[in-house]
Amino acid sequence: MTDENPLCEVVKSPAAGLASRTAGMASTTVDIYDGDVKVGTAPVVDGAWQYTASSLAKGDHHFTARLDALRSNSWDLTIRDALQLNAPGVVEVFMDSGTGFGNSLNLLKSINSATVIVKYPGMETGDQVTMSWNGAGGSTSETKLAGSSGDVSFIVPKTYITSNINQRVRVSYTVVPVGATNTVNSPEMVFEITNDSLVGNPYFVEGFRISWYRCTFSSGEIVVSNSTSPGTRLGSTPDGDPSAETRFRATETTSTFMENKIGAQPWRYSAIYPTNVPGIGFKLIDEGGTICEAGPGNRNGAGLYGNPGTTMRVEFFKTGFVEPGTIPAGDVVEWRFGANRLYYMSVYLADAIRIVVT
């Protein structure tokens, strides 16, 4: 910063703090102020002075050099904690919660884009955030300024997803803090994009259509502590019966799978499904006590299939660090068959469930 008066010129020097040229000055010192508070003096040597400010408190500072009636322009800076960045999140990615399957973006669930969420401690309005999506089949990046919401979201178009099928993608971001020029780099999030093939072309028997299992959770609330071990069962719905009888026919080996409607699509052999609430997952248990994997599995040959005598319940589990939120009422999964993705049944949660963290 530079004062208009040639007797008091102030420039910024990263090495020395505040520096000034005071050629022609008779005085041997200048006073240094932070706002209206005098914080020290600087000796003038051969027409030049410098002042090193140390142990500055966090927050805004406005430094000026003063000599009698003369005052320099203000040198404004903000002190904040050094940023410790987290890896970004991708809403559609199934994170390994101890299942051993790794992180994956499973295109068994139809999506038109992916949402990258950037959140880190100390985010301030005006921070410049640049997200990078890097894959051998296609890469993209985007820059946004942080607002007051506490996170920044980026939408990655479908073309950068489908071009990286069966490949690993690395997502990261950089931050230039507001009022600064340095760049801080985040850790990477790494995952594989998968797209399992489906077979078969089943069809409803005439007169039958989509049905659903209606599952209730009348308390409407799950209370959980983050000291609770991952894998702990938190609650369950009663067994839900089909809303109506339904039947379909397959003429060949036919794929079957569960499409998760309230979270990322799991790997095919995963028995636990993520929800929209971080740290909370669920399992599907049928009338025989079997845990229903996400699939696809090709277990159904030619024949007639239906739902008489079947039930389904939803059991909820802690899968990681839990954040407060609400699991909405509505379809939890859609049970589909075949390459034509026949929508056979759904598991319907009749009650929204509030997740309370203690």
Side-chain angles (χ1 to χ4, degrees), residues 86-119 131 133-135 137 151 153-158 160-172 186-198 230-234 255-285 291-297 314-323 325 327-328 330-336 341 346-347 349 355:
N86 305 316
V90 181
V91 172
E92 293 77 13
V93 168
F94 172 59
M95 301 297 292
D96 182 3
S97 300
T99 61
F101 295 121
N103 304 332
S104 67
L105 196 165
N106 189 343
L107 295 182
L108 195 63
K109 179 177 180 176
S110 298
I111 59 174
N112 293 316
S113 61
T115 302
V116 178
I117 304 293
V118 170
K119 182 186 298 186
M131 180 278 302
W133 171 288
N134 296 303
D151 60 47
S153 299
F154 299 88
I155 303 300
V156 178
K158 188 174 183 177
Y160 297 106
I161 301 170
T162 55
S163 63
N164 285 296
I165 289 175
N166 297 325
Q167 299 184 72
R168 288 194 171 186
V169 169
R170 300 177 182 275
V171 180
S172 61
S186 80
E188 292 182 327
M189 178 187 187
V190 183
F191 55 91
E192 185 173 355
I193 297 179
T194 63
N195 189 27
D196 295 304
S197 60
L198 303 172
T232 300
R233 182 177 179 273
L234 302 175
S255 302
T256 176
F257 63 95
M258 301 286 192
E259 182 175 332
N260 188 5
K261 304 306 293 182
I262 59 173
Q265 184 68 22
W267 278 61
R268 66 188 303 165
Y269 298 118
S270 178
I272 195 159
Y273 302 72
T275 69
N276 62 302
V277 178
I280 302 294
F282 66 93
K283 294 181 180 179
L284 302 173
I285 316 294
I291 300 174
C292 301
E293 295 177 347
V314 184
E315 296 186 351
F316 296 95
F317 291 81
K318 183 174 186 279
T319 59
F321 186 84
V322 181
E323 298 179 13
I327 299 172
D331 288 336
V332 174
V333 299
E334 293 178 356
W335 191 355
R336 294 180 178 270
R341 303 173 69 92
S346 70
V347 177
L349 185 62
I355 306 300

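We count residues from 1, following the sequence as given.
Of all heavy-atom pairs between Pro266 and Ser270, the closest is CB-CB, 3.7 Å. Taking both residues in full, the closest heavy atoms of Asn166 and Asn195 are given as OD1-N, 4.3 Å, listed atom of the first, atom of the second, then distance. For the residue pair Thr319 and Gly281, the shortest heavy atom distance occurs at CG2-N, 3.7 Å. The minimum heavy-atom distance between Gly320 and Pro230, with the atom names listed, is N-CB, 4.5 Å.
In this structure a side-chain-to-backbone donor-acceptor pair under 3.5 Å is present from Glu92 to Thr115. Using a distance-only test at 3.5 Å, with no hydrogens or angles considered, no donor-acceptor pair links the side chain of Arg170 to the main chain of Asn134. Side chain of Gln265 to backbone of Met258: a donor-acceptor contact under 3.5 angstrom is found. A donor-acceptor pair is defined here as one N or O able to donate and one able to accept, closer than 3.5 Å; such a pair exists between the side chain of Tyr273 and the backbone of Glu293. With hydrogens and angles ignored, the 3.5 Å screen pairs a side-chain donor or acceptor of Ser163 with a backbone N or O of Gly137.
None of Val116, Val90, Val169 except one satisfies the side chain to side chain contact (heavy atoms under 4.5 Å, CB included) rule with Val156; the exception is Val116. Tested against Thr275, the residues Ile355, Val332, Ile327 include a single side chain to side chain contact (heavy atoms under 4.5 Å, CB included) partner, Ile327.
Taken from CD1 in Ile272 to CG in Leu284, the straight-line distance is 10.5 Å, to the nearest 0.5 Å. Atom OG1 in Thr162 sits 8.0 Å away from atom CD1 in Ile193 (nearest 0.5 Å). Rounding to the nearest 0.5 Å places NZ of Lys261 at 6.0 Å from NZ of Lys109. Separation of atoms CD (Glu192) and CZ (Phe94) is listed at 13.5 Å; rounding is to 0.5 Å. One distance of note links CZ of Phe316 with OG1 of Thr232; it measures 15.5 Å at 0.5 Å rounding. Considering CD1 of Ile111 and CG of Asn106, their distance stands at 9.5 Å, rounded to 0.5 Å.
The shortest distance between side-chain heavy atoms of Met189 and Met95 falls below 4.5 Å. The shortest distance between side-chain heavy atoms of Asn103 and Val190 does not fall below 4.5 Å. Counting heavy atoms from C-beta outward, Pro296 and Leu108 have side chains that approach closer than 4.5 Å. Residues Lys158 and Ser113 are not in side-chain contact: their nearest non-hydrogen atoms beyond the backbone lie 4.5 Å or more apart.
Around the OH atom of Tyr160, the shell of radius 6.0 Å holds no more than 12 heavy atoms that belong to other residues, nucleotides or ligands.
Between Trp133 and Phe191, a ring centre-to-centre spacing shorter than 6.0 Å is recorded.
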- Hey, mind stepping through Trp335 and Thr256 against side-chain contact (heavy atoms from CB on, under 4.5 Å) and telling me if it holds? CA-CA 7 Å; Trp335 191 355; Thr256 176; 2.9 Å; yes

- Checking side-chain contact (heavy atoms from CB on, under 4.5 Å) for the pair Ile262/Phe282: CA distance, chi angles, key distance, verdict? CA-CA 10 Å; Ile262 59 173; Phe282 66 93; 3.8 Å; yes

- Item | Check against side-chain contact (heavy atoms from CB on, under 4.5 Å), Arg268 and Phe257 | CA-CA 8 Å; Arg268 66 188 303 165; Phe257 63 95; over 6 Å; no

- For the pair Ile291 and Ile285, evaluate side-chain contact (heavy atoms from CB on, under 4.5 Å) and give the outcome as yes or no after the intermediate values. CA-CA 5 Å; Ile291 300 174; Ile285 316 294; 3.5 Å; yes

